[in-house]
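Count residues from 1 along the sequence. Atom set for the values below is all heavy atoms of this structure, side chains included, hydrogens, waters and symmetry mates excluded. What you see is a predicted model; the values in this text were computed from it and never measured. We count ligands from 1, going down the list as the structure has it; atoms in each ligand are counted the same way.
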Amino acid sequence: MKQAVARAAIAHIVEGQVVGVGTGSTANFFIDELALLGQRIRGAVASSEATRRRLEGHGIRVLDLNEVDRLPVYVDGADEINPSLQMIKGGGGALTREKIVAAVAEKFVCIADQSKLVAVLGHFPLPVEVIPMAVNHVRRELARFGGEPIVRDRCTTDNGNLIIDVHGLEIADAAALESGINQIVGVVTNGLFARRPADVCLLATAAGVQTKIAG
Ligand code: 5RP
């Protein structure tokens, strides 16, 4: 299923341009498909060190985001996605770089299997990237939002920070929660992609790949 959506995402690539590439097992399938395009893309911007290594392993040129004027498309997976195409991301710990690349991209194509589609976000624990010296402060502040914040074991992000996963949230207003958590001093960013949701979701189902747009 992951390979099917990865393959379908290739149709969204703009030839001769740079593509933004996400992180995770679904994004890995996409990288493998991207490699088949050879010189038809100018290169890629990676959302994590793991993705950079996989792209380079395939001989795909990896550019720094600051070298790029235009990023027509960003392709990435999600941990949860709702019918408005708002997402929880960061299960793989790459949420901050993913959010930066997504902010630059003109189009966000989410690739996911059916199990990721939910009516209400929050069953998947919400990742929050935190500056290490602030971790206890942020944990106390996050508890005010109603969930149970747990520091992720043995996890240091590509940016040298920690992750707190907030369990047990039922997220009624994802955009408000995204902004609210980002106001806590010491938070780098959180895994809600609500203010910048996906533009298209390619969803793998037993009946084939479905294309969903926000609705
Ligand atoms: C990584 C992410 C991934 O997109 C998310 O965890 C989904 O991963 P997978 O495709 O392996 O299910 O946000 O930080």
Who's closest to atom 7 (C) of ligand 1 heavy-atom-wise, of Ser115, Ala78, Gly91?
-> Ala78
From the candidates Gly93, Gly77, Ser25, the one that places a heavy atom nearest atom 9 (P) of ligand 1 | Ser25
Can you sort out which atoms of ligand 1 are near [X], meaning under 4.0 Å from one of its heavy atoms?
| X | result |
| --- | --- |
| Asp79 | 5 (C), 6 (O), 7 (C), 13 (O) |
| Asp76 | 4 (O) |
| Thr23 | 1 (C), 2 (C), 3 (C), 4 (O) |
| Gly90 | 2 (C), 13 (O), 14 (O) |

Geometric cation-pi criterion, Lys2 with Phe29: 6.0 Å, 45° | no
Kindly indicate whether a cation-pi arrangement holds for Lys99 with Phe193, taking the cut-offs as under 6.0 Å to the six-membered ring centre and within 45° of the axis.
-> yes
Is there at least one pair of N or O atoms, one from Gly24 and one from ligand 1, spaced under 3.5 Å apart?
-> no
Geometric N/O contact Gly92 with ligand 1, under 3.5 angstrom = yes
Looking at [atom], what's its closest protein heavy atom, distance included?
| atom | value |
| --- | --- |
| atom 1 (C) of ligand 1 | Glu98 OE2, 3.1 Å |
| atom 4 (O) of ligand 1 | Lys89 NZ, 2.9 Å |
| atom 12 (O) of ligand 1 | Lys116 NZ, 2.7 Å |
| atom 10 (O) of ligand 1 | Thr26 OG1, 2.5 Å |

Do the side-chain N and O atoms of Thr189 and Glu129 include a donor-acceptor pair separated by under 3.5 angstrom?
-> no
